[in-house]
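Below: one structure, written as structure tokens.
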Amino acid sequence: MPVLNVPRTPALAEEEIVLFENSVARFFDDHAPESRVAKWREDGIVERAMWTEAAQAGLACLSTPEAYGGMGGDYRHEVVLMEQLGLKGVDGFGLSLHNSIVAPYIVHYGTEEQKRRWLPGMADGTYVTAIAMTEPGAGSDLQGIKTTAKKDGNGYVVNGSKTFITNGQTANLIIVVAKTDPAEGAKGTSLVMVETDGAEGFERGRNLDKLGQEAADTSELFFNDVRVPADNIIGGDEGQGFVQLMQQLPQERLNIAIQGMATIERALALTLDYVKSRKAFGKAILDFQNTQFVLAECKTEATVARVFVNHCIEQHLHKRLDAATASMAKYWVTDLENKIVDRCLQLFGGFGYMAEYPIARMYRDSRVQKIYGGTNEIMKMLIARTL
Ligand SMILES: Cc1cc2nc3c(=O)[nH]c(=O)nc-3n(C[C@H](O)[C@H](O)[C@H](O)COP(=O)(O)OP(=O)(O)OC[C@H]3O[C@@H](n4cnc5c(N)ncnc54)[C@H](O)[C@@H]3O)c2cc1C
């Protein structure tokens, strides 16, 4: 029986998408069993082979046009992938970032030559990608970044340091947000592609030790006089970076809401199973009115969230999702995710605090959802601008 009273948006119920969903679920059952994911958490990184396996299964660049080696799907395929990653507990595998955060910058703004240069390799597993915006001194305030890309002969020289970069140890193709004209603020910002294989002056720093999402290789990156060809500026022209970021961030924010929704549904399903079987005072935990009320509230709020996420997905499929609505989804669903996971964990009692229980991991993994992709405070600022 489905956990929520409202199904996902009808766009995801089409036969082709359901078949695709089954194949993605099978892929994770076969390639990401709990024992393998546990090893990635222990190592602090998803093994490189998994990227190749996913690419071979046709899961890389799902919404990239076939003309550039992609799978020729659309955002519905990316939604399915994000949901399955959440529902199957494959935490820390940054494939959605590769597919539906990095690839769109090249698809939407790349020159024809750039699309042909990078997208096929992203689809076949040659490239693993990352996007490096945040710096030790600037996160929310992106205009305050210090990394520069200075014109020099027939190329650019990149200098600066980045931190908290997802896929940081694995990525060999990185979008670096840099100032091509530091005097110009936002208008002097460009997205510079750095191909790291053999790049002199490029260094990976620490793979950071985190509260959760341990399998994700969130890292520091350093650029010391790294030379890139002039045609590595995404779109070809300097100064477009900020506008490109602002246009693409709503999708990133919706992605986070969708991941949050998958976690909410998984948390409720796991908790329902548990409270039906665990006994205290001679009855199932579910038989206590408190448990019923807590879960009734969680189910109600999750259902409301589902309706809103469905609405946002539909809007986005019709290219109508505005930045403020995407920010509402990101902030509200991730706040709810943290609240529901916490309340569910409580119903597990002491077992909920044990690392071997998925609900404990979900509790730790969820926390960052309120922070990355723009903090929930920044989301409220963006919403407030529309008041
Ligand atoms: C696991 C993880 C993965 C990440 N992956 C990436 C990645 O792949 N690429 C990337 O570029 N970055 C990534 N980040 C960075 C992330 O996007 C930033 O951490 C986030 O944007 C916040 O920036 P900050 O850490 O500098 O916090 P700060 O900007 O220093 O904010 C500190 C606090 O102040 C608040 N604050 C800031 N400005 C305001 C304001 N104007 N009004 C009210 N409150 C404000 C914030 O909301 C926050 O609570 C990742 C972070 C984590 C933890």
Side-chain angles (χ1 to χ4, degrees), residues 40-41 44-46 82 85 91-105 128-147 158 160-179 189-194 196 204-223 234 241-242 244-246 248-253 255-256 259-260 263 326-327 330-331 334-335 337-338 361-385:
W40 297 338
R41 278 187 215 114
I45 191 165
V46 173
M82 287 184 276
L85 282 164
D91 39 280
F93 182 34
L95 181 60
S96 297
L97 179 131
H98 176 87
N99 277 6
S100 73
I101 296 179
V102 175
Y105 283 103
V128 170
T129 59
I131 179 161
M133 302 181 241
T134 309
E135 300 184 355
S140 304
D141 180 14
L142 255 190
Q143 296 199 29
I145 59 159
K146 296 269 184 288
T147 298
V158 181
S161 48
K162 299 286 181 181
T163 194
F164 306 147
I165 307 306
T166 302
N167 298 339
Q169 296 296 314
T170 316
N172 54 353
L173 183 67
I174 302 177
I175 298 179
V176 178
V177 181
K179 293 270 174 73
T189 303
S190 303
L191 304 186
V192 183
M193 194 60 105
V194 176
T196 67
R204 301 179 202 272
R206 287 176 302 155
N207 183 1
L208 299 159
D209 190 10
K210 303 188 294 298
L211 176 66
Q213 301 208 353
E214 298 98 317
D217 50 327
T218 314
S219 303
E220 300 168 324
L221 301 175
F222 301 106
F223 303 84
I234 294 183
F242 219 78
Q244 293 166 345
L245 286 167
M246 291 308 115
Q248 290 308 304
L249 284 172
Q251 175 159 312
E252 176 169 353
R253 284 157 189 165
N255 289 352
I256 295 172
Q259 286 156 6
T263 300
S327 302
K330 195 272 177 184
Y331 119 68
T334 61
D335 268 7
E337 172 190 1
N338 276 266
R361 201 160 50 244
M362 291 159 89
Y363 180 81
R364 289 185 286 123
D365 290 349
S366 295
R367 188 60 186 83
V368 77
Q369 290 264 93
K370 301 205 285 185
I371 298 169
Y372 59 21
T375 65
N376 284 7
E377 291 73 31
I378 296 299
M379 296 306 101
K380 290 176 199 175
M381 266 174 55
L382 295 173
I383 299 160
R385 282 186 195 152

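Note that ligands are numbered from 1 as they come in the structure, with each ligand's atoms numbered from 1 the same way. No hydrogens, no waters, no symmetry mates; every other heavy atom, side chains included, goes into these values.
For the 3.5 Å distance criterion, the side chains of Thr170 and Asp217 qualify, holding a donor opposite an acceptor. A side-chain donor-acceptor contact under 3.5 Å links Gln169 and Ser219. With 3.5 Å as the limit, one finds no donor-acceptor pair spanning the side chains of Asn338 and Lys370. Glu135 and Thr147 are linked by a side-chain donor-acceptor pair at a separation below 3.5 angstrom, with hydrogens and angles left out of the test. For Lys210 and Thr218, the side-chain atoms include at least one donor-acceptor pair closer than 3.5 Å.
Residues Glu220 and Leu208 form a side-chain contact, since some pair of their non-hydrogen atoms from C-beta on lies under 4.5 Å apart. Here the side chains of Gln259 and Ser96 are in contact, with some heavy-atom distance below 4.5 Å.
Considering backbone and side-chain atoms alike, Ser140 places an N or O below 3.5 Å from some N or O of ligand 1. Between Thr134 and ligand 1, a contact under 3.5 Å exists for at least one N or O pair. Residue contacts with ligand 1: Thr163 is placed with no nitrogen or oxygen under 3.5 Å of a nitrogen or oxygen of the ligand (distance criterion only). In terms of polar-atom proximity, defined here as any N/O pair under 3.5 Å, Phe164 does make such a contact with ligand 1.
By the criterion of a heavy-atom distance under 4.0 Å, the side chain of Val368, and not its backbone, is placed next to ligand 1. Here Ile131 has backbone heavy atoms under 4.0 Å from ligand 1, and that is the only part of it that gets that close. The side chain of Met381, and not its backbone, has at least one atom closer than 4.0 Å to an atom of ligand 1 (non-hydrogen atoms only; side chain from C-beta on).
Residue-ligand proximity, Thr375 to ligand 1, at heavy-atom distances under 4.0 Å covers atoms 22 (C), 46 (C), 47 (O). Within ligand 1, counting atoms from 1 as listed, the ones closer than 4.0 Å to a heavy atom of Gly139 are 23 (O), 24 (P), 26 (O). Within the listing of ligand 1, atoms 20 (C) sit less than 4.0 angstrom from a heavy atom of Ile371. Within ligand 1, the atoms closer than 4.0 Å to a non-hydrogen atom of Met133 are 10 (C), 11 (O), numbered from 1 in the order shown. Listed by atom number, the atoms of ligand 1 under 4.0 Å from Gly373 heavy atoms are 17 (O).
Using a 4.0 Å threshold on non-hydrogen atoms, atom 41 (N) of ligand 1 counts as touching the protein. For atom 7 (C) of ligand 1, the nearest protein heavy atom lies under 4.0 Å away. Distances from atom 34 (O) of ligand 1 to the protein include no heavy-atom value under 4.0 Å.
Atom 39 (C) of ligand 1 has Ile378 CD1, 3.9 Å as its closest protein atom, hydrogens excluded (heavy atom only). Looking from atom 2 (C) of ligand 1 to the surrounding protein, the closest heavy atom is Tyr372 CD2, 3.7 Å.
The residue from Glu252, Glu377, Glu135 that puts a heavy atom closest to atom 49 (O) of ligand 1 is Glu377.
Ionic pairing of Glu214 and Arg364 is present here: one or more N-O contacts between side-chain nitrogen and carboxylate oxygen are shorter than 4.0 angstrom.
With Ile145 as reference, Val177 is the one residue of Thr134, Val176, Val177 to meet the side chain to side chain contact (heavy atoms under 4.5 Å, CB included) rule.
Every side-chain contact (heavy atoms from CB on, under 4.5 Å) that Tyr363 has, sequence neighbours left out, goes to Val341, Asp342, Leu345.
Between the side chain of His98 and the main chain of Thr129, a donor-acceptor pair closer than 3.5 Å is present.
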